[in-house]
Amino acid sequence: MAAGYLEILRTRHAARLLAGTLTGRLPNATAAIAVVLFVRAEGGSYSLAGALTAVYGLATAAGQPLLGRAVDLYGQPRVMLPASVASALGMAVLAYSGIDPVAVAYAAMAVAGFCTPPLEGGLRALWPSVLTRQDQVHTAYAMDAIAQEVMFTVGPLLVTLGIALWSPATALVAINVLGVLGALSVVLSEPSRAWRSAPREAHWLGALRSTGLLALLGAFFFVGLALGAIIVAASAYADDHGRDAIYGWLMAANGLGALLGGLVYGARQWAGTPEKRLISLVALLAVGYLPLMLVPGVVPMAGLAVVSGLFLAPCIACAFIVVDRHAPRGTVTEAFSWLVTAFGVGTALGTAVAGPAVELGGSAASFAVAGGGGAAALVVLLATRRVLAAPGRTESVMGVDQNDPTRAAEPGFS
């Protein structure tokens with residue numbers, strides 16, 4: 001599989017698109033951590049930090065599918081770059097004004113979140129036009145998930161490093177400047193400029209008319225909730241142990257676990273349908289969250305953080321394929337963006353609930369919220385497994401992957 005990854009990265013434009021997308025998504029990937037640390041440095045409470053992060057997450061959730069639909073309709077450059085600049089400006093306002101007046105902080109978070117460019121869905125829409133075989137597209141999804149976990153591993157360390165070298169406000173601005181440069185690299189590339197969505201059926205629901213996609217979104221809402229709770233719980237755990245740096249290391253350990261899990265998952269071709277495989281992966285993910293409630297010493301806690309992340313990247317990679325199988329034709333960017341939205345709403349709720357949970361029952365109570373989120377995601381998948389098992393049984397859902405580059409070319413698709 002390593003050879004497969006190298007083959008993809010040697011393909012023209014692939015490395016640039018992957019690197020640019022990851023850099024462009026860095027502000028979104030580190031927003032929760034950067035905002036929590038910024039608010040705490042400004043003297044704000046955990047509840048305020050959780051609320052501001054929740055506003056950012058909810059605004060991102062609202063903006064992603066709308067911007068994703070705009071990309072499907074008007075192309076990537078017209079949407080991605082202006083959105084990235086606007087999002088960065090929102091974060092700059094927060095860094096400059098601080099948390100007082102609080103209304104300005106909330107407004108800045110709303111703008112930064114809503115304008116987050118749908119680079120994640122955009123990259124997955126580009127892979128079929130860059131790669132030559134369907135098996136390469138699926139490998140690229142796995143590689144994308146692995147690279148994403150590298151970003152989630154490195155991102156917290158970059159934030160804490162920036163705070164150590166400068167200040168929380170400067171680190172916040174610097175991360176967002178990098179994000180704009182990453183988006184610029186993507187939209188100036190030939191595949192991004194040439195890409196057009198497949199023809200779509202006019203429908204106000206867009207990608208949401210797929211019942212299978214709705215089931216998947218429900219499950220990943222709760223996966224996001226679990227991750228949001230972990231973000232706040234890890235910060236509280238670090239406070240309990242008197243060192244802010246522990247927070248970054250715990251989140252990096254969680255990302256490292258996801259990276260390792262993604263590497264193992266991508267090392268082989270899997271038999272059976274991706275829908276059934278996703279149920280098993282989410283079950284393992286849920287089990288991995290439970291030991292975090294033990295809140296042991298720093299070293300064993302770091303080990304538990306690695307374990308809790310092991311199945312996240314495999315879940316994400318498998319979900320990419322499921323989205324591809326269930327998304328109505330011509331809604332590929334929007335469908336992937338809805339997955340980001342469901343995950344983001346869940347993360348926002350997780351951070352909002354975990355903040356009061358910390359104040360009521362300590363970090364263990366907040367980690368319990370994460371365990372509950374994982375269990376709820378599994379329940380959703382089990383309850384909807386019949387819907388998920390039939391990606392081609394409705395007129396609006398394709399029976400084959402709409403991103404399959406080996407299918408006949410259609411007008412408007414390149």
Side-chain angles (χ1 to χ4, degrees), residues 25 28-33 35-36 49-66 68 109-110 113-114 116 118 120-121 145 148-149 152 207-208 213-235 251 254-255 258 278-279 281-286 288-290 292 308-309 311-320 322-323 335-358 365-384 388:
R25 291 177 52 215
N28 182 250
T30 60
I33 296 172
V35 169
V36 167
L52 286 174
T53 306
V55 167
Y56 177 88
L58 291 172
T60 302
Q64 286 293 291
L66 294 177
M109 286 293 89
F114 186 86
T116 298
E120 188 172 358
Q148 179 173 287
E149 295 312 321
F152 279 108
L208 293 183
L213 180 62
L214 290 174
L216 182 66
L217 297 182
F220 269 75
F221 165 82
F222 288 109
V223 173
L225 184 146
L227 187 59
I230 288 175
I231 289 171
V232 176
S235 179
M251 296 308 299
N254 183 260
L278 183 61
I279 292 175
L281 290 171
V282 170
L284 293 169
L285 181 70
Y289 286 145
L290 298 179
L292 294 173
S308 70
F311 295 97
L312 182 59
C315 284
I316 292 173
C318 190
F320 295 164
V322 175
V323 168
F336 281 126
S337 297
W338 273 115
L339 185 65
V340 176
T341 287
F343 196 86
V345 171
T347 301
L349 182 60
T351 57
V353 172
V358 168
S366 193
F367 283 123
V369 175
L378 177 60
V379 169
V380 171
L381 289 179
L382 291 174
T384 60
L388 284 169

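- With rounding to the nearest 0.5 Å, the separation of CE in Met251 from CG in Leu227 is 5.5 Å.
- Heavy atoms only, all atoms of each residue included: Phe220 and Ala319 are closest at CZ-CB, 3.5 Å.
- In this view, Leu284 and Phe311 satisfy the side-chain contact (heavy atoms from CB on, under 4.5 Å) rule, not counting sequence neighbours.
- Taking every heavy atom of both residues into account, Gly218 and Val380 meet most closely at C-CG1, 3.9 Å.
- A distance of 8.5 Å separates CG of Leu217 from OG1 of Thr341, quoted to the nearest 0.5 Å.
- The nearest pair of heavy atoms linking Ala352 to Pro356 is O-CD, 2.8 Å.
- A donor-acceptor pair under 3.5 Å is formed between the side chain of Thr60 and the backbone N or O of Gly113.
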Start with the C-alpha distance between Leu216 and Leu278, add both sets of side-chain angles, then the distance that settles side-chain contact (heavy atoms from CB on, under 4.5 Å), and finish with yes or no.
-> CA-CA 10 Å; Leu216 182 66; Leu278 183 61; 3.3 Å; yes
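- Among Ile230, Thr351, Leu225, Val232, the single residue meeting the side chain to side chain contact (heavy atoms under 4.5 Å, CB included) criterion with Val369 is Leu225.
- Considering only heavy atoms from C-beta on, Leu285 stays 4.5 Å or farther from Leu281 through its side chain.
- Rounding to the nearest 0.5 Å gives a distance of 9.5 Å between OG1 of Thr347 and CZ of Phe221.
- In terms of heavy atoms, Ser366 sits closest to Ala354 at OG-CB, 3.0 Å.
- Counting only heavy atoms from C-beta outward, the side chains of Phe336 and Pro118 never approach each other to under 4.5 Å.
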Quick one: do Leu378 and Ile279 satisfy side-chain contact (heavy atoms from CB on, under 4.5 Å)? Show the steps, please.
-> CA-CA 7 Å; Leu378 177 60; Ile279 292 175; 4.1 Å; yes
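- Scanning both residues, Ala313 and Ala258, for their nearest heavy atoms gives CB-O, 3.1 Å.
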Trace of the side-chain contact (heavy atoms from CB on, under 4.5 Å) decision for Tyr56 with Leu52 | CA-CA 6 Å; Tyr56 177 88; Leu52 286 174; over 6 Å; no
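- Put simply, CZ on Phe222 and CG on Leu349 are 8.5 Å apart, with the number rounded to the nearest 0.5 Å.
- Remark: Leu339 CG to Phe343 CZ distance equals 8.5 Å, nearest 0.5 Å.
- Across every non-hydrogen atom of Val323 and Ala335, the tightest pair is CG1-CB, 3.9 Å.
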Might you work through the side-chain contact (heavy atoms from CB on, under 4.5 Å) test for Leu66 and Phe114, ending with a clear yes or no?
-> CA-CA 9 Å; Leu66 294 177; Phe114 186 86; 4.0 Å; yes
